Amino acid sequence: MSSSLNPLLEPRGVRIALTLTAAVVLLLFLFAPLVVVFGEALSRGLDVYLDALTEPDTVSSIGLTLLVAAICVPVNMAVGICAAWCVAKFDFRGKSLLTTIIDLPFSVSPVIAGLIYVLVFGLQGWLGPWLRAHDIHVIFALPGIVLATLFITFPFVARELIPLMEEQGTEDEEAAVSLGANGWQVFRRVTLPNVKWGLLYGVLLCNARAMGEFGAVSVVSGHIRGRTTTMPLQVEILYNEYNMVAAFAVASLLAMLALVTLAVKTFFEWRYAKELAAAK
Amino acid sequence: MIDIRNVHKTFGGFPALSDVSLRIKEGELVALLGPSGSGKTSLLRILAGLEFADSGQVMFDGGDATNVSARDRRVGFVFQHYALFRHMTVFDNVAFGLTVRRGPGRLSKDEIGDRVRHLLEMVQLGGLASRYPSQLSGGQRQRVALARALAIQPKVLLLDEPFGALDARVRKDLRRWLRDLHDELKITGVFVTHDQEEALDVADRVVVMNHGRIEQVGTPTQIYDSPATPFVYQFLGNVNSLDCHIRDGVAEIGSLTLPASAYAGVQDAAGVAFVRPHDLMLSKPGDGAGAPAEVKHVSILGPLVRVELLLGGQVLEAEISRQRHAELGLKTGQTVLVWPRQARFFLRDSWQGTALLDPETPIDHDI
């Protein structure tokens, strides 16, 4: 009975109770909703499900969501890497201010984030008259949606990279420079490979949020069907019209996005387990 | 040849280096020795171009390298914690400096392969080329770091606490091995250490640093046998520092009076006498010269015996052989006569200055 001697092992009753609690919570709040989403979506058969997904407004919302993500993720990846590089590898005045600003989108309600853009770019906003004079549409158009999404998803990559880069310090980069590498070679061959797992994780989270963002986008989009509705907005519209099958069909796509994100992350971790171990 | 001229460096108002000048000869292995915060690592990083001096010059082979970037200095730098690229194999790590090279100096893939294999053989890691750094022991990683630094055929090899992170036995082996490697390659080398034994064992010349200044430069023998300043005395090995009075060329330590001819002109001044434990001779009362001291404690350390003594209210340590210990039959509380074979005196007032005394002036007395 050596296990009963393990000082870190709780009594059997406590262990079972804790495991059961965790399992019940997971089932009730995570697994059950997932089942409901797919269940509702397929409740009237596969044909109805596919019809709902190929409805023109829905197709355009999928396209818009993909487009927004395709713009926001690369931009925030590049900006996030730069910001993390600055904060983690250099000392300068105003550094703590920069870290605070990076965190800002996390602490601001998404609705406020959307409103900020309406106040700046809207018809009654600061730049409204000028934009109108030059026939540039920001609010209730793609640029507004992209801006709001950029703001919301900005911290993901930087937040993932900063602690990692800080922990790794600058010795590797110094070694590379003393061996004759130029700035780009140092970044490309030393800094980036050292953080690639953190970067991948940050990009996946950034992408998931870019596709799933509701609040900020809702404020700036104007809900023009077939033109400025992203998938989460489309779900809301369909749901409010009591079109349950179509609403859950689109929701199931978003749920699948989450599952794919998880699967990709797990796959990469498994595929590069050896390198990952070497990176420690 | 490296010529460091009047280098100053401050970090946020704190002076890391003040007016440091040093010449390092071609092919020499020099140790920068000092406690943490003495500026030794700053000096090494300035040599590497990883840090730049606020004022002063660094010359390499007569050319001004003060503002040359680390990338263009052709200096091999070995970091204390190796800084190996963790996502690259041992082979790729060593090859890094060659694969990033652009322009006419670029080697072909085969040439790079040949050189890397040769280097790995030299550091006795021939079979481990495809391993990752995490799969190696500390000593092996250090040798990979060394091979990587040597791959670019540097003019100078700089090592920051090269053995600091290794355990005692590996450290000793690697120390020997570095010395042999240096003798074989004849490369100019500078290494930083806080371990005096390491510095004295490996280096051709030792530079002792303290508070951003050079206290003394000399061969290991010079440094150990005739330290120029109280700091060097205390930093290098065990030493008794005893309060004394200096009067007309005589130093008094309690009831012990010793000639201090260098201070013949000093009327009455407080001083400090430095005596190494192995320079203290003990004898039975009535059986030799010296001042009486009380035996406080005796501890047997292998071949040596350490005796703690009380002389005029001051505690001092003596080291004698087991044989001498047996002859004296020392016991706690007993009185013995103490006489230093060699002692060195410094005046209290001049403690803070760098040039305490002209090193040429003989102030030791020998018996």
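This one's a predicted model, so the numbers in the text were calculated from it and none came from an experiment. Chain letters run A, B, ... following the sequence lines, proteins first, then strands; residues in each count from 1. Excluded from the calculations below are hydrogen atoms, water molecules and symmetry mates; all remaining heavy atoms, backbone and side chain alike, are included.
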How many angstroms lie between atom [atom1] of [X] and atom [atom2] of [Y], to the nearest 0.5 angstrom?
X      : Y      : atom1 : atom2 : value
A/D172 : B/H81  : CG    : NE2   : 12.0 Å
A/L179 : B/R148 : CG    : CZ    : 5.5 Å
B/L84  : A/E171 : CG    : CD    : 10.5 Å
B/I152 : A/S178 : CD1   : OG    : 6.0 Å
A/R189 : B/F96  : CZ    : CZ    : 5.0 Å
A/E174 : B/F77  : CD    : CZ    : 7.5 Å

Between [X] and chain A, which part of the residue has a heavy atom less than 4.5 Å away: side chain, backbone, both or neither?
X      : value
B/R131 : neither
B/A151 : neither
B/S69  : neither
B/R45  : side chain

Would you indicate whether [X], at its atom [atom1], is surrounded by more than 12 heavy atoms from other residues, nucleotides or ligands within a distance under 6.0 Å?
X      : atom1 : value
A/R188 : CZ    : no
B/H8   : NE2   : yes
B/R23  : CZ    : no
A/R12  : CZ    : no
B/F11  : CZ    : yes
B/D180 : CG    : yes
B/F91  : CZ    : yes

Whether B/H87 side chain and A/V195 backbone form a donor-acceptor pair below 3.5 Å: no
Heavy-atom donor-acceptor pair, B/R71 side chain to A/A181 backbone, under 3.5 Å: yes
